[in-house]
Amino acid sequence: VQAVRDQEAPNMPIFLGESGHAQCGGQPDSSDRYEGTFWWLDQLGAMARRGHQVVVRQTLSGSNYGLIDDVTLDPRPDYWASVLWRRLMGNRSLSVRRTAVDDDVRLYAHCTDDRPGAVTLLAINLDPERSVRLDVDAIGGNRELYLLTADSLDSAELKLNGVVLEDDGGELPELDPDSLGDRPADLPPRSIAFIVYPDANAPACQE
């Protein structure tokens with residue numbers, strides 16, 4: 001797609017439309033569960049890194065890949081993950097240099113949305129047994145942790161820093177982070193984290 005775009009319409013944006021975990025409504029008991037959230041956030045990070053400006057999710061409500069259960073209207077795990085992505089991950093994707101390469105750990109970094117100089121790191125730990133410790137060289141100050149976990153891969157509930165996420169009649173909770181101080185972030189097995197570095201003072205993120 002990029003090659004055709006570059007040849008026929010240079011500099012035009014590339015959108016990814018009708019994205020879902022599986023065709024024909026999604027996979028029951030997978031697309032609407034915690035395990036699907038690993039795929040969804042990994043896709044958002046990968047597409048942003050490749051320069052895709054828009055990823056369209058299929059659908060908001062309806063079928064197994066809907067972000068909201070169309071019967072109960074309860075937000076599904078991917079809904080909460082999408083809210084955090086939108087609030088934290090700005091439009092500028094940053095490169096990530098790793099001191100250790102692990103295929104079970106995915107890392108994406110963006111300028112934090114609406115916080116000049118700040119950086120947000122999205123970390124996905126796919127390992128079923130091993131915890132991961134993340135630290136970023138040359139960035140001091142406080143770190144803000146949004147840790148996403150669930151009791152099992154097929155859970156319909158998502159936890160933020162150990163608390164089950166629930167709406168209140170359509171109103172979202174505050175979604176506040178845990179403060180790590182200057183400590184590194186520890187990711188349990190099969191967990192996802194957004195880690196904000198408000199004091200990064202990254203030159204690329206000043207605008």
Side-chain angles (χ1 to χ4, degrees), residues 1 13-89 91 93 103-108 110 113 120-130 132 146-175 177 187-195:
V1 171
I14 297 178
F15 290 3
L16 177 62
E18 295 197 4
S19 176
H21 307 88
Q23 292 183 346
C24 303
Q27 177 64 36
D29 301 325
S30 177
S31 296
D32 56 348
R33 305 301 170 93
Y34 176 54
E35 70 172 326
T37 305
F38 290 88
W39 175 89
W40 176 230
L41 288 177
D42 190 46
Q43 174 173 263
L44 289 179
M47 293 297 98
R49 180 179 289 173
R50 290 185 63 87
H52 282 63
Q53 294 184 333
V54 173
V55 175
V56 180
R57 176 61 180 260
Q58 175 90 348
T59 63
L60 178 62
S61 179
S63 301
N64 292 289
Y65 48 37
L67 295 176
I68 297 174
D69 188 297
D70 56 328
V71 176
T72 66
L73 299 184
D74 290 333
R76 289 172 168 163
D78 281 5
Y79 177 90
W80 298 109
S82 299
V83 170
L84 288 171
W85 173 280
R86 177 62 186 88
R87 291 185 179 182
L88 300 174
M89 304 288 274
N91 292 330
S93 176
D103 290 339
D104 288 328
V105 179
R106 312 288 173 83
L107 296 174
Y108 303 100
H110 282 216
D113 189 60
T120 298
L121 181 69
L122 168 61
I124 302 171
N125 182 15
L126 299 171
D127 196 293
E129 299 178 350
R130 186 170 56 89
V132 174
Y146 300 81
L147 179 64
L148 301 178
T149 58
D151 291 335
S152 63
L153 286 177
D154 61 356
S155 175
E157 294 183 329
L158 187 64
K159 295 180 180 180
L160 173 61
N161 295 326
V163 178
V164 174
L165 290 169
E166 298 177 295
D167 71 310
D168 182 10
E171 296 293 328
L172 299 186
E174 292 298 324
L175 303 180
L187 274 69
R190 287 178 173 163
S191 66
I192 302 166
F194 293 91
I195 308 157

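This one's a predicted model, so the numbers in the text were calculated from it and none came from an experiment.
Atom CG of Leu41 is separated from atom OG of Ser82 by 7.0 Å, given to the nearest 0.5 angstrom. The structure places OG1 of Thr37 at 4.0 Å from CG of Asp78, a figure rounded to the nearest 0.5 Å. With rounding to the nearest 0.5 Å, the separation of CG in Asn161 from OG1 in Thr149 is 8.0 Å. With rounding to the nearest 0.5 angstrom, the CG atom of Leu172 is 5.0 Å from the CH2 atom of Trp80. A distance of 12.0 Å separates OG in Ser93 from CZ in Arg50, rounded to the nearest 0.5 Å. In this structure, Tyr108 OH and Leu121 CG are separated by 11.5 Å, a value rounded to the nearest 0.5 Å.
Looking only at distances, a side-chain donor or acceptor of Arg76 sits under 3.5 Å from a matching main-chain atom of Gly66.
For the ring pair (Phe, Tyr, Trp, His ring centres under 6.0 Å) condition, no pair includes a residue of residues 151-174, sequence neighbours left out. For residues 39-73, the pairs satisfying ring pair (Phe, Tyr, Trp, His ring centres under 6.0 Å) are His21-Trp39, with sequence neighbours left out.
Here the side chains of Leu147 and Ser191 are in contact, with some heavy-atom distance below 4.5 Å. At least one side-chain heavy atom of Trp85 sits less than 4.5 Å from a side-chain heavy atom of His110. At least one side-chain heavy atom of Val55 sits under 4.5 Å from a side-chain heavy atom of Leu44. With contacts defined as side-chain heavy-atom distances shorter than 4.5 Å, the pair Val105/Asp127 does not qualify. Between Leu175 and Leu160, some side-chain heavy-atom pair lies under the 4.5 Å cut-off.
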Quick one, Phe194 with Met89, criterion side chain to side chain contact (heavy atoms under 4.5 Å, CB included). Give me CA distance, side-chain angles, the key distance, then yes/no. CA-CA 9 Å; Phe194 293 91; Met89 304 288 274; 3.9 Å; yes
Intermediate values then yes/no, side chain to side chain contact (heavy atoms under 4.5 Å, CB included), Leu165 and Leu158: CA-CA 6 Å; Leu165 290 169; Leu158 187 64; 4.2 Å; yes
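Shown here is Gln58, whose CD atom has more than 12 heavy atoms of other residues, nucleotides or ligands within 6.0 Å.
Between Asn64 and Gly26 the shortest heavy-atom distance is ND2-O, 3.8 Å. Looking at every heavy atom in both residues, Ala150 comes nearest to Glu157 through CB-O, 3.5 Å. Of all non-hydrogen atoms in Tyr79 and Ile68, the two that sit nearest each other are CD1-CG1, 4.0 Å. Taking both residues in full, the closest heavy atoms of Ser61 and Asp70 are given as OG-CB, 3.2 Å, listed atom of the first, atom of the second, then distance. Looking at every heavy atom in both residues, Arg57 comes nearest to Ser31 through NH2-O, 4.4 Å. The shortest non-hydrogen separation linking Asp167 to Gly170 is OD2-N, 2.9 Å.
Looking at Leu122, Asp42, Asn125 one by one, the single match for side-chain contact (heavy atoms from CB on, under 4.5 Å) with Ile192 turns out to be Leu122.
With sequence neighbours excluded, no residue forms a side-chain contact (heavy atoms from CB on, under 4.5 Å) with Val163. In this view, Pro128 and Arg190 satisfy the side-chain contact (heavy atoms from CB on, under 4.5 Å) rule, not counting sequence neighbours. For the side-chain contact (heavy atoms from CB on, under 4.5 Å) test, residues two or more places apart in sequence or in another chain that qualify with Ser30 are Gln27, Glu35. Under the rule for a side-chain contact (heavy atoms from CB on, under 4.5 Å), the partners of Arg86 that lie at least two apart in sequence or sit in another chain are Asp113.
Ionic pairing of Asp104 and Arg130 is not present here: no N-O contact between side-chain nitrogen and carboxylate oxygen is shorter than 4.0 angstrom.
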